[in-house]
> 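Here you go, one structure.
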Amino acid sequence: MCGIVGFTGNKQAAPVLLDGLAKLEYRGYDSAGIAVRDGENETEVIKEKGKLRVLAEMTDNGKAVKGTCGIGHTRWATHGEPSAVNAHPHASDDGNVIAVHNGIIENFQEQREKLIKKGYAFHSQTDTEVAVKLIDYYYKKYSQLPIEAIARAMVRIRGSYALCVMFKDYPGEIYCARKDSPMIIGIADGESYVASDVPAILKYTRSVYYIGNMEIAKLEKGAVTFYNIDSEVIEKPLTEIKWDAESAEKGGYEHFMLKEIHEQPKVIRDTINSVVTDGRVHFDSVSLTDEEMQEIEQVYIVACGSAYHVGMDLQYVIEALTSLQVRVELASEFRYRKMTLHRKSIVIVISQSGETADTLAALREAKEQGIKTLGIVNVIGSSIAREADNVFYTLAGPEISVATTKAYSTQLVAGYLLALQFAKARNEIEEARYDALLAEINTIPEKVARILEDKERIQWFSNKLINVSDSFFIGRGIDYAIGMEGSLKLKEISYIHSEAYAAGELKHGPISLIENGTIVISVVTQTGLIEKTISNMVEVKSRGAKVMAVTTAGNYFLEDTAEFVCYVPKIESLFTGSLSVIPLQLLSYYVSIGKGYDVDKPRNLAKSVTVE
Ligand code: F6R
């Protein structure tokens with residue numbers, strides 16, 4: 001949560017900071033601030049509650065703020081309410097140290113009390129102010145060297161952080177430190193940049209360094225030096241970012257979410273093509289060998305939110321194609337379970353950002369137990385990508401809208417290919433079936449495109465949901481997993497209360513909530529389970545529910561029960577999730593904009609959850 005940006009060079013810093021923060025606003029948007037220094041002059045700090053546009057108006061888009069070195073922050077509140085006082089940057093009282101921070105300092109209370117005893121006063125409720133004053137304390141107490149002061153503070157601080165710090169005695173320089181929160185450093189001719197995420201600096205440079213855990217960096221104009229926690233200089237490789245800047249822009253769509261929904265055919269195709277050549281799945285880039293896949297008996301899929309829902313779908317696919325046992329776990333639960341993992345297992349963590357704190361912790365727990373790990377990750381160079389033994393990169397490109405769509409779809413298709421490869425490596429699938437399933441996977445992009453062509457029907461139906469307060473999603477098997485995702489999409493961006501139930505569970509409690517006008521959205525694609533789900537639809541309908549169904553083309557008999565039926569193209573049953581989720585994404589989008597909400601930035605949420 002929170003986005004940070006820093007710049008030092010020869011051009012005016014504030015417009016660069018505001019521009020970068022705009023690309024990071026998906027990470028947090030309850031307050032924002034910048035600190036900019038003009039040569040030897042005092043640093044100017046401007047911060048305010050509200051979205052970035054408030055800060056942009058206060059500074060004439062940064063043009064009113066002089067100086068060529070600065071740091072900026074867009075906040076998602078953890079410690080202390082959203083307010084100007086709690087907004088970053090935070091400074092020591094004499095302005096010696098000024099910093100922005102992303103992450104959580106767990107022992108901030110204890111450090112704060114120690115600093116109060118040493119004479120420090122605190123003005124905000126944030127943990128960041130504690131970090132600033134701790135650095136200031138060590139700076140003054142010891143050598144007055146920034147690297148050393150930061151390193152001493154890092155040893156005292158528990159938790160996660162990406163910190164950008166400016167020191168009064170070092171104009172034109174920015175110091176950065178990182179532990180478990182994302183941060184990249186970009187370099188161009190005479191200019192240096194730092195940011196929480198690539199889109200913030202992509203306009204200016206593609207040459208980036210990934211700063212590691214417990215490392216520090218010093219940014220000067222066009223030069224970066226890295227240090228370890230012992231203040232020794234270390235070397236880091238420079239990486240070239242391949243994303244084009246346009247993929248981080250709206251590209252003519254009204255919202256990022258709609259753009260990203262429409263990008264799905266392409267990014268699914270890219271993800272398939274990354275591992276499929278000559279009609280075969282090749283896992284060289286994932287570096288998981290056939291021998292390793294043969295030895296595995298148990299699969300754990302661990303993730304949060306929508307990525308967890310991908311796991312829920314994949315368990316059916318993997319279990320149908322192989323003899324593997326699959327358990328799907330919420331990362332926030334998995335990390336604290338006292339569970340001895342099966343020795344012959346693999347832990348698959350799924351994450352768009354590659355930075356989700358709980359998923360990262362689950363990955364580390366698995367590694368500690370000596371279990372093989374695989375990350376299905378979108379962001380190259382992210383913490384999970386770096387720490388997992390094997391990585392399958394989804395090629396969704398930058399996903400800006402807080403509610404995931406295209407990353408979800410690429411994770412799902414990556415999972416299908418993984419399941420297929422497991423089946424092949426373990427000799428559990430016949431050649432003809434393998435070919436047929438791969439051919440089916442290859443039809444997904446074009447079928448998704450066809451669903452998107454018919455979006456006006458869904459837009460029309462979405463009007464019926466604008467005034468409802470409760471909704472239910474039901475389904476069986478893969479349809480249940482898709483219902484879970486549809487339900488999350490709807491609640492997170494339209495603020496309509498929504499629950500997903502395995503249709504067979506209705507009678508065990510939830511049916512008592514059905515009354516006149518309750519919306520029930522039913523996903524009905526799984527051959528063999530259709531009649532059973534229809535019975536559940538009839539049961540809720542007879543109690544007054546308004547029923548909508550998403551089903552496969554040809555199942556026209558559903559119109560006898562459902563008030564509105566949305567058809568998706570026919571596809572092998574195991575892969576229907578990739579298609580049936582699309583109308584549900586569109587439905588949520590249209591309900592949200594119909595209610596006038598900020599669909600790309602739903603309240604209380606942030607794109608990457610780098611805190612617990
Ligand atoms: C919902 C959504 C979240 C994420 C979850 C995991 O639309 O986007 O539920 O799926 O926060 O995030 P990643 O995939 O970055 O680990």
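We count ligands from 1, going down the list as the structure has it; atoms in each ligand are counted the same way.
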> Any side-chain donor paired with an acceptor under 3.5 Å for Y589 and H255?
yes
> Any donor-acceptor pair under 3.5 Å linking the side chain of Q352 with the backbone of T404?
no
> Only counting residues at least two apart or in another chain, list the ones meeting salt bridge (Lys or Arg N to Asp or Glu O under 4.0 Å) with D598.
K51
> Do T394 and N378 have side-chain N/O donor and acceptor atoms under 3.5 Å apart?
yes
> Distance under 4.0 Å, heavy atoms only, partner ligand 1: which residues pass?
C304, G305, S306, A307, S351, Q352, S353, T356, V402, A403, T404, L488, K489, E492
> Check whether the side chains of S592 and S494 place a donor and an acceptor atom closer than 3.5 Å, and report yes or no.
no
> When you compare the side chains of S383 and R178, does any donor N or O come within less than 3.5 Å of an acceptor on the partner?
yes
